[in-house]
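Let me begin by presenting the structure, written as structure tokens, before commenting on it.
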There are 2 protein chains.
Amino acid sequence: MARLPVYLRALTTLSEQGTATCSSEHLAAAAGVNSAKLRKDLSYLGSYGTRGVGYDVDYLRYQIAREIGVTQDWPVVIVGIGNLGHALANYSGFRSRGFRVVALLDADPRRHEEVVAGVDVRPFDDLEQIVRDHSVAIGVIATPALAAQDVADRMVGCGITSILNFAPTVLSVPEGVDVRKVDLSIELQILAYHEQRKTHGATT
Amino acid sequence: MARLPVYLRALTTLSEQGTATCSSEHLAAAAGVNSAKLRKDLSYLGSYGTRGVGYDVDYLRYQIAREIGVTQDWPVVIVGIGNLGHALANYSGFRSRGFRVVALLDADPRRHEEVVAGVDVRPFDDLEQIVRDHSVAIGVIATPALAAQDVADRMVGCGITSILNFAPTVLSVPEGVDVRKVDLSIELQILAYHEQRKTHGATT
DNA sequence: CTCGGTTTGTTCTCGCGTTCACAAACTCCT
DNA sequence: AGGAGTTTGTGAACGCGAGAACAAACCGAG
């Protein structure tokens, strides 16, 4: 489920606040979902709660982390070190959740001298070797739209099976490869759409 | 609908390629959706196609742009000029779609000397004045999680009704205020989840 | 003018996710 | 020990979006 990471984050916050135990209602409020939905999601993983009491925060947190897979280390490569690539490489939320950026790749030779977030930028052609050496399964595409499909093809070609795509393009990949896409401008456009309906009045 | 921006982007690409007319099947392939779903979405806006022919690319593009609201100019403020804030301020996809970054705000005084993407960074306390002067309706939060709720409250307080939140927190806002959230690490965690199930084998 | 080919707009059905509601189970107090 | 109160886990109904299928409409050729 796509909500497990949200629960995990809420549990981490609760744990840091010193809460040892919490009810489904409490956790649901912290995660911003319905309590029934939360209980059903959790029951899908197994019975980790105690009736009349609630859930043990740390225990449940570990169980969800294990289910998601963030107890292990995930090596990640980032391709495209523009503004967004920089931001992603420096994003602390990755490392703290088990994702380790093992390489930054860019096709532009002028960037190969840079060192970003303690990792130096390497030529895109090193992809195959890096993926092999570190057993990378997850790739991040932060290139312009035109290069994205080529990068995806190369990634798939050397065994990457999960891609996070920030380029504004629809990637076509073979079956068995997961692609998640994040398009920043689309999010703003959705907001603008609702905003327009709010102020301008619905013409129905 | 949340798919309209995707259609708009696909239509723009088609238009740049010189395509004057396209069928729902063709456009659906470019947008990565089912053709029946596409037709249903478009019919929701009105009958802009011609049976037996298809859709006029530029005409449909304008109609969708108008429906979303990107034909007008949307002033936007960005709060929090860390790595992500920098990337957002420099992101060309915003300006090209009618979003104009009118101000960059940060609570840290050391950043107030910087100029990012041609806009200089100003103190967070200038928020009210900027929002009033430019009639800002959309705010972007790129601060750490702890500051996000306070920033959101201030934004709501001075009349902002749409918020794009990059901080890993659930924001609570009054009715009538739209919040969309983008959490980069959650996307990676979802990929890791599927990745784990792929390689490790489903224990069902 | 008529007919065949093509494509849109729409209706209908199906399946999934969400939500309500309730029984089972646990704790605490008396 | 027993009962009241609380909270989980789950069964059932509801609603909604997705996909397939079909009728209406348009173009072009003869």
Side-chain angles (χ1 to χ4, degrees), chain A residues 1-8 10-11 14 19-64 67-68 170 175 178-181 186 190 193-194 197 204, chain B residues 1-8 10-11 14-15 19-64 67 170 180-181 186 190 193-194 197 202 204:
Chain A
M1 287 284 176
R3 284 184 297 270
L4 288 181
V6 181
Y7 302 156
L8 182 61
L11 284 168
L14 286 177
T19 312
T21 261
C22 75
S23 68
S24 67
E25 202 103 14
H26 190 186
L27 180 56
V33 300
N34 188 296
S35 68
K37 179 159 39 173
L38 176 103
R39 286 199 301 275
K40 188 160 275 190
D41 287 345
L42 293 186
S43 76
Y44 180 74
L45 314 182
S47 287
Y48 293 133
T50 309
R51 304 182 185 208
V53 179
Y55 298 93
D56 181 288
V57 172
D58 286 325
Y59 180 59
L60 181 60
R61 186 158 74 104
Y62 173 74
Q63 293 299 338
I64 292 182
E67 179 76 13
I68 296 177
V170 180
E175 190 119 7
D178 278 325
V179 174
R180 290 195 69 85
K181 101 180 145 76
I186 282 188
I190 295 172
Y193 172 78
H194 293 301
R197 301 233 133 179
T204 312
Chain B
M1 288 282 178
R3 284 184 297 270
L4 288 180
V6 181
Y7 302 155
L8 182 61
L11 284 167
L14 287 177
S15 179
T19 312
T21 259
C22 74
S23 69
S24 67
E25 201 102 14
H26 190 184
L27 181 56
V33 299
N34 188 294
S35 67
K37 182 162 33 172
L38 176 104
R39 287 200 299 276
K40 186 171 280 184
D41 288 344
L42 294 186
S43 76
Y44 180 74
L45 313 181
S47 287
Y48 292 133
T50 310
R51 304 181 186 209
V53 178
Y55 299 94
D56 182 288
V57 172
D58 286 326
Y59 180 59
L60 181 60
R61 187 158 74 104
Y62 173 73
Q63 292 299 337
I64 292 183
E67 179 76 13
V170 180
R180 291 193 68 85
K181 101 181 143 78
I186 282 188
I190 295 172
Y193 173 78
H194 293 300
R197 301 232 133 181
T204 311

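Quick note on labels: first sequence line is chain A, next is B, and so on, each numbered from 1.
- Chain A approaches DNA chain C over the interval dT18(C) to dT27(C), counting the first and last nucleotide 5' to 3' with an atom under 4.0 Å from its heavy atoms.
- Using a 4.5 Å heavy-atom threshold, the side chains of Thr21(A) and Thr50(A) count as separate.
- In plain terms, the two heavy atoms of Ala30(B) and Val170(A) that are nearest each other are O-CG2, 3.6 Å.
- For Val33(A), the side-chain contact (heavy atoms from CB on, under 4.5 Å) partners are Arg3(A), Tyr7(A), Ala28(A), Ala31(A), Lys37(A), Leu38(A), not counting sequence neighbours.
- For residues 19-58 of chain A, the pairs satisfying ring pair (Phe, Tyr, Trp, His ring centres under 6.0 Å) are Tyr48(A)-Tyr59(A), with sequence neighbours left out.
- If you take CG on Leu11(A) and CG on Leu60(A), they are separated by 5.0 Å, rounding to the nearest 0.5 Å.
- Within residues 39-53 of chain A, the residues that have a heavy atom under 4.0 Å from DNA chain D are, in order of number, Arg39(A), Lys40(A), Ser43(A), Ser47(A), Tyr48(A), Gly49(A), Thr50(A), Arg51(A), Gly52(A), Val53(A).
- OP1 or OP2 of dA20(D) has at least one side-chain nitrogen or oxygen of Asn34(B) nearer than 4.0 Å.
- Between Arg197(B) and Glu67(A), at least one side-chain nitrogen of the basic residue sits less than 4.0 Å from a carboxylate oxygen of the acidic one, meeting the salt-bridge criterion.
- Residue Leu27(A) holds its CG atom at 10.5 Å from OG1 of Thr19(A), rounded to the nearest 0.5 Å.
- Within 6.0 Å of atom CD in Glu25(A), 12 or fewer heavy atoms from other residues, nucleotides or ligands are found, so the atom counts as exposed in its surroundings.
- With rounding to whole Å, Leu60(A) atom CG is found 11 Å from dT8(D) atom P.
- The distance between atom CG of Leu38(B) and atom P of dA20(D), rounded to the nearest whole Å, is 14 Å.
- Considering only residues two or more places apart in sequence or on other chains, Arg180(A) meets the side-chain contact (heavy atoms from CB on, under 4.5 Å) condition with Leu164(A), Glu187(B), Ile190(B), Leu191(B).
- Distances shorter than 4.0 Å separate none of the side-chain N or O atoms of Ser23(A) from OP1 or OP2 on dT7(D).
- For the atom pair CD (Gln63(B)) and CG (Asp56(B)), the distance works out to 10.5 Å, reported to the nearest 0.5 Å.
- Rounded to 10 degrees, the angle separating the terminal helix axes of the helix from dC1(C)-dG30(D) to dT30(C)-dA1(D), each built from five base pairs, is 10°.
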